[in-house]
Amino acid sequence: MKQAIPRILTGCQRNSHRYGSGTASVHKKQLRQQQQRQQLQQQQPNVEDLEVDETSSFGDIWRVKERLILDHAAGDPAARTLKDIIELGRAVHEGDQVALVQNAAHVQDALAVRIAKAVRTFNVLPEEVQNHPEVRTLAVQLIDGLERIASFTDQYGEVSSKDLEVKFCGLLRSLSANGGTLATGDALSQLRGLVGRARGTTLVDPTFFDHFVAQLLLNSVSWAVLIQHHLQLSDVQRGQHHVGAFDTQLRPVVVARDCAFKTQFVCAQELGVSPRIQVNGDLTGTMEYIEPHFRYILTEVLKNSAHATVRWHKENSNGKSGSKVPPVSVCVSSNDEQVEVKVTDQGGGMGKSVLSNVWRFGYTTAHDSAAGLAGSEASTGSGLAGWGFGLPRSLIYTRYLGGDIEIETEPGQGCAVRIVFPKAASEKSLELLGGL
C-alpha cells in the first residue's frame, strides 16, 4: 500500500485567466492583482519570520520548514547493495582514506534525504494525530536532525577531506547518542506510546497507521545503519572480522545457540519451565550481516515459540505431572545466495485471526492461553511478551537488507517460521527504502 504524499502549498495558488486583447486592460488587471497580493502579504506574516517553539502546532512547524523538508525529500535516498557496502568498507579497512571520505559524503547526502522523506510522511496524518505529543515531538526531533545536517553542508560543503570527515563524525555522534535527535531507541519508545493510544480510536485508519509506523521504523533502521556503519569504519580498533557495522564472518549456528540458551533462561524464569531449543546446522558456515539485527530477529522468534509451547503444553497435558515440554527446533542451512533459519515449535499454532494480525504494530495476544507467535518484545532485554512490536520490527530488520520472514501454521499443532537472509553475493541484498 502506497500513500500519496500531497504537497502543501504556501501562499496563493495562481489560476490561469483569459484576458481581453486590449493592452491597457491587461495592464490594469495585472496591477490590480499585484496590489491584492501586496495587501495579502501585509496581512499575513512571512513564514521565514515565524518562530517555532514547544507550543507550535505541527501545521505551523510544517509551514516554516516545508521548503527544507521537500527540497531534501526530492533527492535520491541512494540505496546500496550489501556487496557494495562491504567492498567499500573493506577498502577503508585496508587504509584507503579516499574510500572513507567517499563513504562519509554518501552518508551526508543519503541521511538528509532519508530523514526528509520520513518527516514528509507526517504531513499525511490527520491533524489530531499530527499534534499528539509523541508524534509532534518525534517530528520536531527529526527536523532538528535534518537542519543540523543541512547546516553542516551549508558551512563546509560536501565532505571531501579527512579533516571534514572527522568533523562530520562528531555531528553523527551527537545525533545518534542517547537523547540525540536520531536516537532510534527514543523514537521507538515514542511510537509505542502512540500506537497504544491510536488503537481503539477513530482518528486514523489502522491499516494506514500500520503502514506509516512501518515506513518510519524502516527509515530509522536505515539511517541508524548509515550512522553506525560509518562511525565504526572510522574506528581503527574494530575487529578483523568486522567491516563497519557488519560482521563478515558471522556464524549463524553459533549465534543461534547463544540466542537459544538465553531464551531458555528467560522462559524458565518467567514461566517456571522452558522447552529445550535444539539448534542444528553447519558450525563453520558464515555470512555477512549486522549481528545485533540477526540476534534480535532470531531471539524474537524463539521467545514467541518458547512462550507458545509452554502455554500450550500446560493447557493440554491433562494435569499429568512430569510430562515434558516438547522441544523447539532450529535448523540453519545455506547456499551461495542465502542463509535460511527455520524455527519449528509445537505451541498449538495460530488461528486465522491471529495470523492475519501478527505483523500489525501493537497487536499482542500475550494474555491469551494459546498465544501463538504474537506479542513479544525482545528489545526489552527480558520478558517473553509485551508491546506487540517484536515481530513487526523483526520483519523490518529482515526486509531492510532483502530478506523475509514466512510463517506456516497448523492449528492445534504448531508453527514453522522461515527466516531468509540474503548473502552479499545475492542480487536481493539491496537496502529496502521505498516500502514494505
Please assess Val243 against Leu233 for the test side chain to side chain contact (heavy atoms under 4.5 Å, CB included), listing each intermediate value before the final yes or no. CA-CA 7 Å; Val243 172; Leu233 280 180; 4.2 Å; yes

Are [X] and [Y] close enough that a side-chain donor and a side-chain acceptor fall under 3.5 Å?
X: Asn357; Y: Arg360; answer: yes
X: Thr153; Y: Gln108; answer: yes
X: His230; Y: Glu165; answer: yes
X: Thr81; Y: Asp84; answer: yes
X: Asp282; Y: Thr284; answer: yes
X: Asn304; Y: Glu300; answer: yes
X: Arg136; Y: Ser56; answer: no

Check the surroundings of atom [atom1] in [X]: do more than 12 heavy atoms from other residues, nucleotides or ligands lie under 6.0 Å from it?
X: Asp154; atom1: CG; answer: yes
X: Glu408; atom1: CD; answer: no
X: Glu127; atom1: CD; answer: no

Please confirm whether the backbone N or O of [Y] pairs with a side-chain atom of [X], one donor and one acceptor, at under 3.5 Å?
X: His293; Y: Tyr397; result: no
X: Ser151; Y: Arg148; result: no
X: Gln338; Y: Val420; result: no
X: Asn219; Y: Gln215; result: yes
X: Asp247; Y: Ile290; result: no
X: Ser220; Y: Leu217; result: yes
X: Lys117; Y: Ala73; result: yes

What's the verdict on side chain to side chain contact (heavy atoms under 4.5 Å, CB included) for Phe168 and Val107, showing C-alpha distance, side-chain angles and the deciding distance? CA-CA 10 Å; Phe168 186 61; Val107 175; 3.9 Å; yes

List the steps, then state whether salt bridge (Lys or Arg N to Asp or Glu O under 4.0 Å) holds for Asp258 with Arg295. CA-CA 9 Å; Asp258 186 53; Arg295 284 183 176 275; 2.6 Å; yes

Working to the nearest 0.5 Å, report the span between [atom1] of [X] and [atom2] of [Y].
X: Leu430; Y: Leu401; atom1: CG; atom2: CG; answer: 9.0 Å
X: Phe58; Y: Ile143; atom1: CZ; atom2: CD1; answer: 6.0 Å
X: Lys83; Y: Ser426; atom1: NZ; atom2: OG; answer: 11.0 Å
X: His93; Y: His241; atom1: NE2; atom2: NE2; answer: 12.0 Å
X: Met350; Y: Ser356; atom1: CE; atom2: OG; answer: 10.0 Å
X: Leu395; Y: Glu406; atom1: CG; atom2: CD; answer: 10.5 Å

What are the two closest heavy atoms between [X] and [Y], and how far apart are they?
X: Gly244; Y: Gln232; result: O-OE1, 2.9 Å
X: Thr286; Y: Pro252; result: CA-CD, 4.2 Å
X: Leu100; Y: Val92; result: N-CG2, 3.5 Å
X: Arg120; Y: Ile69; result: N-CG2, 4.2 Å
X: Asn335; Y: Lys423; result: O-NZ, 3.0 Å
X: Thr299; Y: Cys259; result: OG1-SG, 3.4 Å

Side chains of [X] and [Y], heavy atoms from C-beta outward: is any pair under 4.5 Å?
X: Asp210; Y: Trp359; value: no
X: Lys352; Y: Pro411; value: no
X: Met287; Y: Phe421; value: yes
X: Lys65; Y: Glu147; value: yes
X: Thr344; Y: Val328; value: no
X: Ile149; Y: Leu175; value: yes
X: Leu231; Y: Ser176; value: yes
X: Leu218; Y: Leu433; value: no

Verdict with supporting geometry, His106 and Leu226, side chain to side chain contact (heavy atoms under 4.5 Å, CB included): CA-CA 9 Å; His106 166 79; Leu226 277 176; 3.8 Å; yes

Could you go step by step and tell me if Phe212 and Phe122 meet the ring pair (Phe, Tyr, Trp, His ring centres under 6.0 Å) rule? CA-CA 8 Å; Phe212 166 76; Phe122 284 77; 5.3 Å; yes

Return each pair, listed once, that meets salt bridge (Lys or Arg N to Asp or Glu O under 4.0 Å) where at least one residue sits in residues 218-232; pairs must be two or more places apart or across chains. none

Could you go through Arg114 and Glu431, starting from their C-alpha distance and side-chain angles, then the distance that decides it, and tell me whether this counts as salt bridge (Lys or Arg N to Asp or Glu O under 4.0 Å)? CA-CA 12 Å; Arg114 296 179 192 186; Glu431 286 184 293; 3.2 Å; yes

So, do Phe246 and Tyr289 have ring centers that fall under 6.0 Å from each other? no

Between Glu340 and Arg418, is the salt bridge (Lys or Arg N to Asp or Glu O under 4.0 Å) condition met? List the steps. CA-CA 7 Å; Glu340 178 181 312; Arg418 179 173 173 263; 2.8 Å; yes

List the steps and the verdict of side chain to side chain contact (heavy atoms under 4.5 Å, CB included) for Lys342 and Val417. CA-CA 6 Å; Lys342 188 173 184 179; Val417 183; over 6 Å; no

